[in-house]
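Worksheet: one structure, shown below.
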Amino acid sequence: MSEITTPTPSPSAPKKMEDIVALCRRRGFIFQSSEIYGGINGFWDYGPLGVSLKRNLKNAWWNDVVERELIGPDGDAVHIVGLDSSIIMNPKTWIASGHVGGFNDPMVDCKESKQRYRADHLIVLGSTADNARLYAYIENDEEQCAAATKGLARYEKRDALDPSVHMLRSFMVLTAEDRARTVGPHAKEVGTLTEARKFGLMFETNSGAVRDESSLTYLRPETAQGIFTNFWNVCDSTRVRVPFGIAQIGKAFRNEVTPRNFTFRSREFEQMEIEFFIRPDSANEWYAWWRDWRFNWWQQIGLAGENLILREHDRDELAHYAKVGAGTSDIEYRFPFTAPGFGELEGIAHRADFDLSAHATHCGKGDKMRYFDQEKNERYFPHVIEPSAGADRGTLAILCEAYTTDATRASGVYMNFTPRMAPVKAGVFPLVNKDGLPEIAERLFRDIRKKHVAEFDEKQSIGKRYARMDEAGTPFCITVDHDGATSGTATIRHRNTQAQERVALEQIPAFIAERVE
RNA sequence: GCGGGCGUAGCUCAGUGGUAGAGUGUCACCUUGCCAAGGUGAAUGUCGAGGGUUCGAAUCCCUUCGCCCGCUCCA
């Protein structure tokens with residue numbers, strides 16, 4: 001093997017999100033959904049290169065989580081089984097999980113202050129008399145309450161109203177006329193509060209042809225509940241013992257208030273979730289192990305730089321199910337649109353036994369559904385460590401991290417994917433489209449293609465072909481030239497350095513295989 | 001949901017009431033012997049959509065959809 005050229009790479013300029021979005025479209029990574037009809041907010045399609053990239057990410061996750069050996073904190077192999085549960089489930093699932101009750105809140109906007117309030121947290125104070133002003137404040141907020149009381153007193157003094165006929169009402173019971181005489185918590189004028197509107201974050205649909213209350217169902221807002229509801233099935237059908245995990249990759253749907261930032265916050269998205277079931281007393285150990293292993297995993301698949309951080313949640317930002325327990329942490333990436341801040345890629349949460357016991361209660365069997373631990377001769381609801389990752393966010397982070405500008409090369413940019421993530425592993429070209437070179441190159445191409453994704457290109461100048469592969473992020477380009485045709489070799493061009501080395505034709509498939517796996 | 005900005009060829013953009021353009025990319029052929037080279041030729045547009053004003057609208061007005069930024073939201 002001999003070096004031919006080694007150009008010096010130039011330092012990368014700061015990344016602009018619009019450039020990344022443009023490349024994604026131009027090269028077929030990501031398109032806007034239903035674009036020819038003007039698109040639809042919060043939905044995206046993956047093109048030929050994009051679907052490969054995303055699938056490589058999901059396959060890497062599934063391989064590393066479910067299929068390959070993984071050694072846990074106790075030195076034993078970690079046992080995880082797969083699952084593919086349905087998107088539409090019995091709606092009671094979402095009552096048990098807290099999604100129907102807790103996240104279907106009526107909201108009120110104030111046109112004057114631009115503030116938004118939970119309607120069921122607004123209390124209205126004032127006279128029962130018609131046309132008298134009412135003052136709203138936020139429940140349990142003493143400052144707000146005092147301000148409303150003061151405002152009311154001043155108003156009633158001015159208008160000489162009788163303050164003895166006051167009453168408190170929830171904003172929820174107000175009529176349109178009442179709202180028109182209500183002053184919002186941060187407002188000066190009356191009538192600036194809108195009516196209460198439901199911000200249901202779950203997509204509703206109906207199962208069965210009859211569309212009524214009884215057929216109401218939801219598109220799942222997370223894949224996790226499909227795992228929890230199958231916990232008992234998996235235990236009964238598989239020889240699993242705590243500690244063990246169930247892994248699932250699947251779509252989930254949330255009616256986000258504001259889809260924003262390319263695919264980062266979409267209404268339809270794909271999750272890669274593990275629910276790992278443990279003995280309650282081992283939560284700290286497993287939580288820390290999962291957190292660290294997952295952080296390490298993201299680094300290995302191409303997010304190795306300082307743009308990736310692990311962030312432990314503060315107590316006061318913990319979700320309702322994680323108030324007690326070992327903690328919650330996020331693995332976050334510094335996207336161009338969040339910089340200098342970070343956006344969440346994966347959350348690792350100790351959910352305690354919140355979900356299993358909630359489902360046990362709601363399905364009516366209660367404590368009878370506790371897991372029996374043979375070894376300890378004890379019954380309990382296992383605690384759960386949940387590493388929950390976004391496949392679309394992961395794909396986007398890889399795209400952003402890989403995007404590298406380089407003024408010295410023709411394309412001006414290349415995608416620095418790791419070989420494992422790269423949609424195309426190798427481009428195979430004849431240097432010129434004659435003299436028997438295409439035939440040799442095509443034989444090599446077919447040989448590589450038996451195991452790896454490769455592209456054959458004999459059109460146009462060699463420079464254009466390299467440039468195209470740079471934008472697709474192909475790590476290796478193999479060119480059959482005249483020297484090679486006589487000596488049985490070809491040059492392999494490395495994407496990042498543009499350096500070339502000469503390798504014997506029969507060794508090239510192994511060369512690729514070594515670097516891709 | 002609110003406020004601001006923006007939507008013209010795949011991409012970057014010009015065109016401000018009178019025949020839709022340029023560069024670049026794409027494709028074909030020739031040439032070429034390692035980095036978007038050169039030559040010749042070709043294809044490509046609901047001017048985001050709908051409505052209105054006008055003899056005539058990419059251009060002016062209204063509505064709407066989408067994208068970006070700031071709020072808001074984010075289990």
Side-chain angles (χ1 to χ4, degrees), chain A residues 4-5 7 16-19 21-28 31-44 47 94 97-105 107-118 192 194 197 199 201-202 221-222 224-225 252 254-262 264-267 317-322 328 337 343-344 347 349 351 354-355 386 388 406 408-414 429-435 437 459-471 477-485 490-493 495 498-500 502:
Chain A
I4 294 180
T5 52
K16 280 195 292 183
M17 199 58 211
E18 53 185 298
D19 296 335
V21 173
L23 181 133
C24 283
R25 166 168 181 72
R26 186 168 74 241
R27 286 295 158 192
F31 306 120
Q32 194 179 11
S33 170
S34 25
E35 190 185 87
I36 61 166
Y37 292 107
I40 177 167
N41 199 350
F43 298 89
W44 302 91
W94 307 111
S97 71
H99 287 83
V100 169
F103 308 104
N104 216 6
D105 306 324
M107 304 296 284
V108 173
D109 289 306
C110 176
K111 292 175 203 163
E112 182 187 327
S113 67
K114 308 301 180 197
Q115 299 274 321
R116 174 173 289 169
Y117 312 98
R118 284 272 300 268
T192 62
T194 65
R197 286 173 291 208
F199 277 65
L201 288 175
M202 283 196 289
E222 61 176 27
Q225 299 306 325
R254 293 180 195 176
N255 241 329
E256 297 289 354
V257 176
T258 313
R260 211 38 93 79
N261 291 329
F262 203 28
F264 183 79
R265 177 165 296 131
S266 302
R267 290 185 167 135
E317 60 176 319
L318 292 182
H320 57 92
Y321 52 73
T328 298
F337 49 80
E344 181 185 347
R351 294 178 71 119
F354 177 88
D355 303 276
E386 177 194 73
S388 170
D406 177 3
T408 67
R409 66 179 74 200
S411 56
V413 64
Y414 65 99
F429 319 134
L431 182 59
V432 291
N433 197 14
K434 61 181 184 185
D435 303 334
L437 268 43
K459 305 284 187 187
Q460 300 179 312
S461 75
I462 192 72
K464 285 193 183 190
R465 287 176 274 170
Y466 286 148
R468 263 197 293 267
M469 287 290 105
D470 279 348
E471 284 198 340
C477 285
I478 299 144
T479 302
V480 176
D481 60 2
H482 290 91
D483 286 355
T491 61
I492 298 182
R493 179 241 195 208
R495 176 197 58 210
Q498 297 176 273
Q500 293 180 315
R502 189 169 288 280

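Proteins get letters first, then strands, A, B, ... in listed order; numbering begins at 1 in each.
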- Message: Which nucleotide, if any, forms a Watson-Crick or G-U wobble pair with C60(B), using both distances under 3.5 Å?
- Response: G52(B)
- Message: Does C35(B) have its OP1 or OP2 closer than 4.0 Å to a side-chain nitrogen or oxygen of Q500(A)?
- Response: no
- Query: Between C29(B) and N433(A), is there an OP1 or OP2 to side-chain N/O distance shorter than 4.0 Å?
  - Reply: no
- Whom does A42(B) pair with, Watson-Crick or G-U wobble, provided both distances fall under 3.5 Å? U26(B)
- Query: Is R493(A) paired with D470(A) through a side-chain N to carboxylate O contact shorter than 4.0 Å?
  - Reply: yes
- Message: With a 3.5 Å cut-off and heavy atoms only, can you find an N or O donor on one side and an acceptor on the other between the side chain of R493(A) and the base of C35(B)?
- Response: yes
- Message: Regarding Q225(A), tell me which of base, sugar-phosphate or nothing describes its non-hydrogen contacts under 4.0 Å with the strands shown.
- Response: nothing
- Query: If pairing requires Watson-Crick or G-U wobble contacts with both distances under 3.5 Å, which nucleotide is the partner of C67(B)?
  - Reply: G5(B)
- Could you tell me whether R465(A) sits above the aromatic face of F429(A), with NZ or CZ closer than 6.0 angstrom to the six-membered ring centre and within 45 degrees of the axis? yes
- Is G21(B) in the syn or the anti form, by the rule that syn lies within 90° of 0? anti
- Take atom C1' in G17(B) and the same atom in U12(B), then report the distance between them in whole Å. 27 Å
- Have a look at R267(A) and say if it touches a base, only the backbone sugar-phosphate, or nothing, with a 4.0 Å heavy-atom cut-off. nothing
- Task: On RNA chain B, check which nucleotide each of K459(A) and E222(A) is closest to and give me the residue with the more 5' one.
- Result: K459(A)
- Task: State, yes or no, whether a side-chain contact exists between R25(A) and F31(A) at a heavy-atom distance under 4.5 Å.
- Result: yes
- Verify the contact: side-chain N or O of K464(A) to OP1 or OP2 of U26(B), cut-off strictly under 4.0 Å; return yes or no. yes
- Considering only atom C1', compute the distance from G25(B) to A58(B) and round it to an integer number of Å. 24 Å
- May I ask you to say what R468(A) touches in the nucleic acid, namely base, sugar-phosphate or nothing, with a heavy-atom cut-off under 4.0 Å? sugar-phosphate
- With respect to the side chain of S461(A), which nucleotide from C71(B), A37(B), G33(B) is positioned closest? A37(B)
